[in-house]
There are 2 protein chains.
Amino acid sequence: MKVEAKLNPTYEEIVDIFNRALSKEAIVNIFAHCRVFYDGRAKSELGPGDRVILIKPDGSFLIHQKEKREPVNWQPPGSSVGLEVKEDKIFLRSIRRKPREILEVELLNVYLISYFQAEDYEELALTGSEAEMADLIFENPSLIEDGFKPLFKEKPIKHGIVDVLGVDKEGNIVILELKRRRADLHAVSQLKRYVEAMREEHEKVRGILVAPSLTSGAKKLLEKEGLEFRKLTPPKRGKSKRGRQKTLFD
Amino acid sequence: MKVEAKLNPTYEEIVDIFNRALSKEAIVNIFAHCRVFYDGRAKSELGPGDRVILIKPDGSFLIHQKEKREPVNWQPPGSSVGLEVKEDKIFLRSIRRKPREILEVELLNVYLISYFQAEDYEELALTGSEAEMADLIFENPSLIEDGFKPLFKEKPIKHGIVDVLGVDKEGNIVILELKRRRADLHAVSQLKRYVEAMREEHEKVRGILVAPSLTSGAKKLLEKEGLEFRKLTPPKRGKSKRGRQKTLFD
DNA sequence: GCCTAGGTCCCGTGG
DNA sequence: CCACGGGGCCTAGGC
C-alpha cells in the first residue's frame, strides 16, 4: 500500500505502521499529544501539547505546532530515527552524528498515524535569484553603466568571494555585490570587505552594490565609505509556457 | 471531532473536510499528487509528483517533498488559503499581501486528507543561544579578560547594534561580537564595522570576537585587522529538572 | 511599517 | 571534511 492511516492506534498498531513505513521508505505523519526534548548544538524542552510530526525517508524530522512556518523542533536529513516502547511509554528518537544531536519525542497520545510512499522525480524550477541578476549583467553590462565590462562571477579573492568582478571604461577594477532584495548594512560590510581586499593589490577599485533598493542604514554607510549603488531588480525569466501569470492571477 | 481523516476522498469529500477544518481552525494535512506554482518575491514551478501539504490555521502553508528539512514551496503565516474546484480540476490557492505572493497547488490526486484541531499552550524553552553568552559574560566578565567591565547589551551605535559594549582595565572601549557557533568572515566584518564606527568618536577602541572557534578565513582577517579573539562556548543552562541529559542519552 | 541581526538556521558549491 | 555566502530565507525585537 502506498498510503495507510489509522485513527487512535494502539501501541501495537503504532509500532506496526511505523515499521512498515520505514521499510517502504515512506513519509511518516503523526498527529500527537507529545513532549519534546532536544540536545545538540543547543538544547530545548517543549511541554505537552498537540503537534504534527513529519518524518522523511532521508532522516529529516519535523515537529510542527499550529503556528509559524518553522518547525518548533527538528532534525536535518541524515539523522536516524527509531521508535521505542518502554514502561508503558512510547518514544520517537532521532539521532544525528556530527554534530551529535538527539531529538526525543514522548508520544502521550497518538490521534492519527499515517504514511505516504511518495514518488517524486520533479525538481523546483525557480527564477528571480541573485545568480540570474549576474547572468543579466553579463548579458547586458550597460545595466551597471556605460562601458562596464564584467569579467568574473563568484571570483575568490583574499577575504571572500566576489559576486561579479569587472572593469569600467577607465580601466578601474569594479566589484559588484548583488542582492536580490533590499540591501542592508550586512551587504555594505560585505562589499567593503571585498573592496578593501582588492585595494591591497590594485590602484583604483570601485565597489557597487546592486539591488532593488537600500535600507536607510545601508545608504548612510555606503555613502560614508565612498561606495556606489545601482538599482536593479532580479529578473523573473519565463521558465514555462508563456502566459503562466494569467492562470495564476485569474 | 478533533481529528478526521479520509483515504482517497472524492472531490466533495475534499471540499467538505477542508471547509470543516478551516472552520475548526485545524491543521490540514494532505497527501497528494500535485503540481505547484508560485509567484511573488521570486517565481517557481514544480511538475507533478507526490507531496505532503500542511496548512496551519495561522495561514502558514507548507509543501514538502520526500527529502530535505525545507519545504519545496510555502507561504508564511498571515496568508489566506482557499480551495477551488473548476472544470474537473481542484486547486489550493494561498495569497499573501505585502509582499503580494501567490501559491497555487493543482491537486491531481488526493491520497489522504486529514485535519487536526491541535491544542497547544506550550512554548519552546531553549538554551545555548547567543543571548545566554551575553548573560554569562555579564555575570562573569573575567571570561573575557581580567578587569573587563561590560556596560551595555544590544547597544545601538552609528552603523549597527553592538552585542556587548564595555571597557577594559585601561579604560579602553571594548566591543564584543558574540557568536554561538564557529565565527566566519561575516562575523569579522560585522565586528570591524562596529569598531570603525566607534573609532570615529573615541580614542582607543578594541574589538573582540567571542565564539567557540573561528574559520580559517576569519582568523586571517581578524589578525590583519588587529582584532582579537576569545574562545567561549554558549552555556546550556538547566531549564528543567536536573539530570535531563541522563534520560536523553540513555 | 522599516531596520537590524540571530538561527539547533538550511542548503549548494568549491576546494 | 571545511569554508563561504545565498535564501521567496524566517523570526524576534526596536522604533
Side-chain angles (χ1 to χ4, degrees), chain A residues 38-44 60-61 67-79 96 98-103 124 126-131 133-134 154 156-157 159-163 177-187 189-190 193-194 213-220 234 236, chain B residues 38-44 60 67-78 96 98-103 124 126-131 133-134 154 156-157 159-163 177-187 189-190 193-194 213-220 234 236:
Chain A
Y38 155 75
D39 197 351
R41 288 166 291 177
K43 184 178 176 181
S44 73
S60 306
F61 193 129
E67 292 180 341
K68 303 295 166 198
R69 203 211 72 145
E70 293 303 302
V72 63
N73 282 109
W74 71 90
Q75 205 70 290
S79 312
R96 175 193 197 185
K98 202 51 179 166
R100 182 157 187 87
E101 300 195 283
I102 294 192
L103 181 64
L124 189 72
L126 184 137
T127 181
S129 63
E130 183 186 294
M133 288 178 76
E154 301 295 324
I157 61 165
H159 298 292
I161 303 164
V162 167
D163 280 340
E177 174 57 35
L178 314 182
K179 289 295 163 201
R180 68 166 309 287
R181 54 174 187 163
R182 177 179 275 247
D184 57 14
L185 281 173
H186 170 187
S189 289
Q190 208 179 328
R193 164 153 52 93
Y194 303 147
S213 61
L214 279 179
T215 66
S216 51
K219 184 161 187 284
K220 265 176 50 185
K236 290 183 190 174
Chain B
Y38 155 75
D39 197 351
R41 288 167 290 179
K43 184 177 177 183
S44 73
S60 307
E67 293 180 338
K68 305 294 168 201
R69 203 213 71 146
E70 292 303 304
V72 62
N73 281 109
W74 71 91
Q75 205 67 290
R96 176 193 195 185
K98 205 54 181 158
R100 181 155 187 90
E101 299 195 283
I102 294 193
L103 181 64
L124 189 71
L126 185 138
T127 181
S129 64
E130 183 185 295
M133 288 178 76
E154 301 296 325
I157 62 165
H159 299 291
I161 303 164
V162 167
D163 281 340
E177 175 56 36
L178 314 183
K179 288 294 163 205
R180 67 168 308 287
R181 56 175 185 163
R182 176 179 277 248
D184 57 14
L185 281 173
H186 170 189
S189 289
Q190 207 179 332
R193 164 156 50 95
Y194 303 147
S213 62
L214 279 179
T215 67
S216 50
K219 185 161 187 285
K220 266 176 50 187
K236 292 183 189 174

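Small disclaimer: the values here were computed from a predicted structure and weren't measured. Letters go in sequence order (proteins before strands), and every chain restarts at 1.
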Using a heavy-atom cut-off of under 4.0 Å over every strand shown, decide if A:Glu101 touches base, sugar-phosphate, or nothing. base

Output yes when at least one side-chain N/O atom of B:Lys68 is less than 4.0 Å from OP1 or OP2 of C:dC10, else no. no

Select from B:Ala183 and A:Ala131 the residue whose nearest nucleotide in DNA chain D is closer to the 5' end of that strand. B:Ala183

C:dC10, OP1 or OP2 - any side-chain N/O from A:Trp74 closer than 4.0 Å? yes

Taking OP1 and OP2 of C:dA5, is either one under 4.0 Å from a side-chain nitrogen or oxygen of B:Arg193? yes

Does the side chain of B:Gln190 get closer than 4.0 angstrom to OP1 or OP2 of C:dG6 through an N or O atom? yes

Distance check: side-chain N/O of A:Arg41 vs OP1/OP2 of C:dC9, anything under 4.0 Å? yes

Please work out if B:Pro77 contacts a base, only the sugar-phosphate, or nothing of the nucleic acid, heavy-atom cut-off 4.0 Å. sugar-phosphate

Looking only at the side chains, is there a donor atom on one of A:Ser213 and A:Arg182 sitting less than 3.5 Å from an acceptor on the other? yes

Do you know the tightest heavy-atom contact between A:Lys179 and A:Gln190? NZ-OE1, 3.4 Å

According to a strict under-4.0 Å criterion, is B:Arg180 in side-chain N/O contact with OP1 or OP2 of C:dC9? yes

Determine whether a donor-acceptor pair (N or O, by modelled atom type, separation under 3.5 Å) exists between the side chain of B:Lys68 and the backbone of A:Ser60. no

Taking OP1 and OP2 of C:dC9, is either one under 4.0 Å from a side-chain nitrogen or oxygen of B:Arg181? yes

Quick one, A:Arg96 and A:Arg41 - any side-chain contact, counting heavy atoms below 4.5 Å? yes

Return no unless some side-chain N or O of A:Thr215 is found under 4.0 Å from OP1 or OP2 of C:dC2. no

Between B:Gln75 and B:Leu214, just flag the one whose closest nucleotide in DNA chain D comes earlier from the 5' side. B:Leu214

Heavy-atom closest pair (B:Ala42 atom, A:Thr127 atom, distance to 0.1 Å) is CB-O, 3.2 Å

Check whether any side-chain nitrogen or oxygen of A:Tyr194 sits under 4.0 Å from OP1 or OP2 of D:dG5, and answer yes or no. yes

Describe the nucleic acid contact of A:Glu67 in one word from base, sugar-phosphate, nothing, applying a heavy-atom distance below 4.0 Å. nothing

